[in-house]
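Reviewing the structure listed below.
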Amino acid sequence: MFGNSKRKQFETQFRPHLDAAYNLAQYLCRNAYDAEDIVQEAYLRAYRAFGEYADENSRAWILTITRNTCYSWMRRHAMSLNVSYDRQSVCGEVDAQLSGSDLLQSPEQIAASESNQKLIRRAIESLPMEFREVTVLRELEGLSYREIGQVLDIPEGTVMSRLARARLRLRKLLVNVDALK
Amino acid sequence: MTMTCDKVNALLSGYVDSELTAAQAQQIEEHIRSCADCDANYRELTRLKNVIEAVAIRTSAPPHLAQRVSAGLKENDRHHASWSGGLVKLAYSLPALLLGLVIGWATLSPFNAGTRGDELPQLLASAHIRSLMADHLTDVASSDSHTVKPWFHGRLDFSPPVEDLTRYGYPLLGGRLEYLAGDAVAALVYRHRQHVINLFVSPGSAQVVSMQAEKYNGYNIIRWTDGYLSYAAVSDLKLADLDHFRALLSDKGMTNNPG
Ligand SMILES: [Zn+2]
């Protein structure tokens with residue numbers, strides 16, 4: 001029987017990463033309710049494998065499991081992994097909303113605008129899965145290339161080239177934000 | 001020797017992330033000092049990074065999620081303590097069902113909580129009949145699981161899994177809140193041909209995975225639990241069809257038993 005102490009140890013170690021796991025799940029499945037279920041399942045899976053766990057990077061490990069759980073969840077629920085938002089409509093939305101915000105100057109001011117927050121979030125959500133996950137892990141969670149490589153099971157060089165392509169797409173989507181400088 | 005623009009472009013992302021070797025970084029710096037195009041790219045990239053950082057669009061986990069996860073782990077420990085793989089396999093085989101065997105540990109089924117075991121089939125059957133008669137089949141009528149599932153959010157303190165089984169011949173009609181012996185449970189409504197199926201879901205704390213089939217007033221009832229939630233499917237469908245429905249739900253992962 002599992003002791004209380006194992007559970008306590010697990011919770012102490014992994015509870016601090018709950019936000020990161022939830023944030024990743026939410027960006028990947030793009031649904032707050034599913035993200036909760038996914039995180040719960042991921043933590044359960046992690047807990048069950050906890051005995052075999054020897055790595056010292058618990059954040060990368062729980063994010064790896066969360067990401068894998070997302071993929072199996074989406075497959076199981078017949079959610080398409082690759083359908084991105086209609087690019088045209090995202091661009092249109094971004095264009096339309098930005099035209100009224102010409103006076104914005106600094107990143108802080110851009111950030112201060114709630115609609116810009118929404119736009120940038122939506123731009124990231126509109127990226128295809130492979131670019132979305134690398135963006136979230138780097139820009140939102142601040143993982144190193146090495147950690148990202150671990151989570152996505154790809155070499156660090158691939159992390160860099162994927163991030164570069166993801167950023168190129170984001171720049172195109174957010175071209176008007178950039179033009180404000 | 002200086003890097004080509006292509007090479008710089010390939011490394012620029014790594015440069016703004018400070019992920020290059022010192023030697024690489026130095027070469028990039030040298031290059032962008034004398035190349036306006038690459039310098040512009042570098043500035044744009046930096047700006048994009050700053051903007052995304054500044055908007056801080058990270059979503060924190062809702063406060064109840066930590067509790068949910070915690071409860072799930074606790075449940076796992078309890079469940080694991082009395083788990084028996086062999087019995088589970090037996091319990092899920094249809095032939096055993098058709099023999100009319102009552103399998104599992106009925107007294108431990110969470111659907112029995114607060115209710116005597118012999119009252120439950122009656123409660124389930126009457127809830128099913130009520131839903132058919134009173135024009136109150138669904139509170140939320142939708143075949144979209146992504147509409148039905150969130151509807152329960154805030155109405156129940158657990159989250160019932162809602163599966164779309166349309167392509168298997170069991171379209172989802174919607175969901176409603178149901179009270180069984182005073183407890184709020186989720187009722188998910190499916191249809192198979194002209195038969196309505198009520199799937200009742202309640203939070204479970206089963207000690208063991210169990211399943212049983214019974215008949216009440218002509219209605220077939222299959223009850224099971226996955227260790228987290230308890231389910232009861234009620235319908236005038238043939239038992240074999242109802243068990244097929246049950247098996248589909250299990251396959252879709254409702255029985256939360258990875259591995
Ligand atoms: Zn150049």
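The structure displayed is predicted, hence computed values, not measured ones. Lettering follows sequence order; numbering is per chain, from 1.
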Salt bridge flag under 4.0 Å for residues B:Lys149 and A:Asp37: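 Looking at A:Asp37 together with B:Lys149, the answer is yes, because their closest N to O distance falls below 4.0 Å.
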SB check B:Glu19 A:Arg146 (cutoff 4.0 Å):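 Looking at B:Glu19 and A:Arg146, the cut-off is not met.
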A:Glu36 side chain vs B:Leu65 backbone, donor-acceptor pair below 3.5 Å: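 It does not hold such a pair.
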Backbone of B:Arg58 reached by a side-chain donor or acceptor of A:Asn23 within 3.5 Å: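 No, the answer is negative, given that no donor and acceptor are paired below the 3.5 Å cut-off.
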side-chain contact (heavy atoms from CB on, under 4.5 Å) between A:Leu140 and B:Ile52, intermediate numbers included: CA-CA 8 Å; A:Leu140 275 57; B:Ile52 292 178; 4.1 Å; yes
Donor on one side chain, acceptor on other, B:Ser70 and A:Arg7, under 3.5 Å: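 There is no such pair between these side chains.
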Exercise: do A:Tyr47 and B:Asn76 side chains pair donor with acceptor under 3.5 Å: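 Not at all, the side chains of A:Tyr47 and B:Asn76 share no donor-acceptor pair under 3.5 Å.
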Could you measure the distance from the [atom1] atom of [X] to the [atom2] atom of [Y]? Nearest 0.5 Å is fine.
X        : Y       : atom1 : atom2 : value
A:Gln40  : B:Leu73 : CD    : CG    : 8.0 Å
A:Tyr145 : B:Ser18 : OH    : OG    : 9.0 Å
A:Leu168 : B:Asn9  : CG    : CG    : 8.5 Å

Side chain, backbone, both or neither of [X] within contact of chain A (heavy atoms, under 4.5 Å):
X        : answer
B:Leu12  : neither
B:Ala10  : backbone
B:Ser60  : both
B:Asp164 : neither
B:Leu165 : neither

Sole residue of A:Arg171, A:Arg167, A:Lys172 in salt bridge (charged side-chain N to carboxylate O under 4.0 Å, His left out) with B:Glu44: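 Exactly one option meets the salt bridge (charged side-chain N to carboxylate O under 4.0 Å, His left out) with B:Glu44, and it is A:Arg171.
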Residue among A:Arg138, A:Arg165, A:Glu156, A:Glu141 with most heavy-atom pairs under 4.5 Å to chain B: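 Ranked by contacts with chain B, first place is A:Arg138.
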Options A:Tyr27, A:Tyr43, A:Tyr22, ranked by heavy-atom pairs under 4.5 Å with chain B, top entry: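 Greatest number of close heavy-atom pairs with chain B: A:Tyr22.
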4.5 Å side-chain heavy-atom contact, A:Met160 and B:Leu20: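 With C-beta onward as the side chain, the pair touches.
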Non-hydrogen side-chain atoms of A:Asp19 and B:Thr59 separated by less than 4.5 Å: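 No, side chains not in contact.
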Residue selection (most heavy-atom pairs with chain A, distance under 4.5 Å) from B:Ser145, B:Pro150, B:Ser159: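 Heavy-atom pairs under 4.5 Å are most numerous for B:Pro150.
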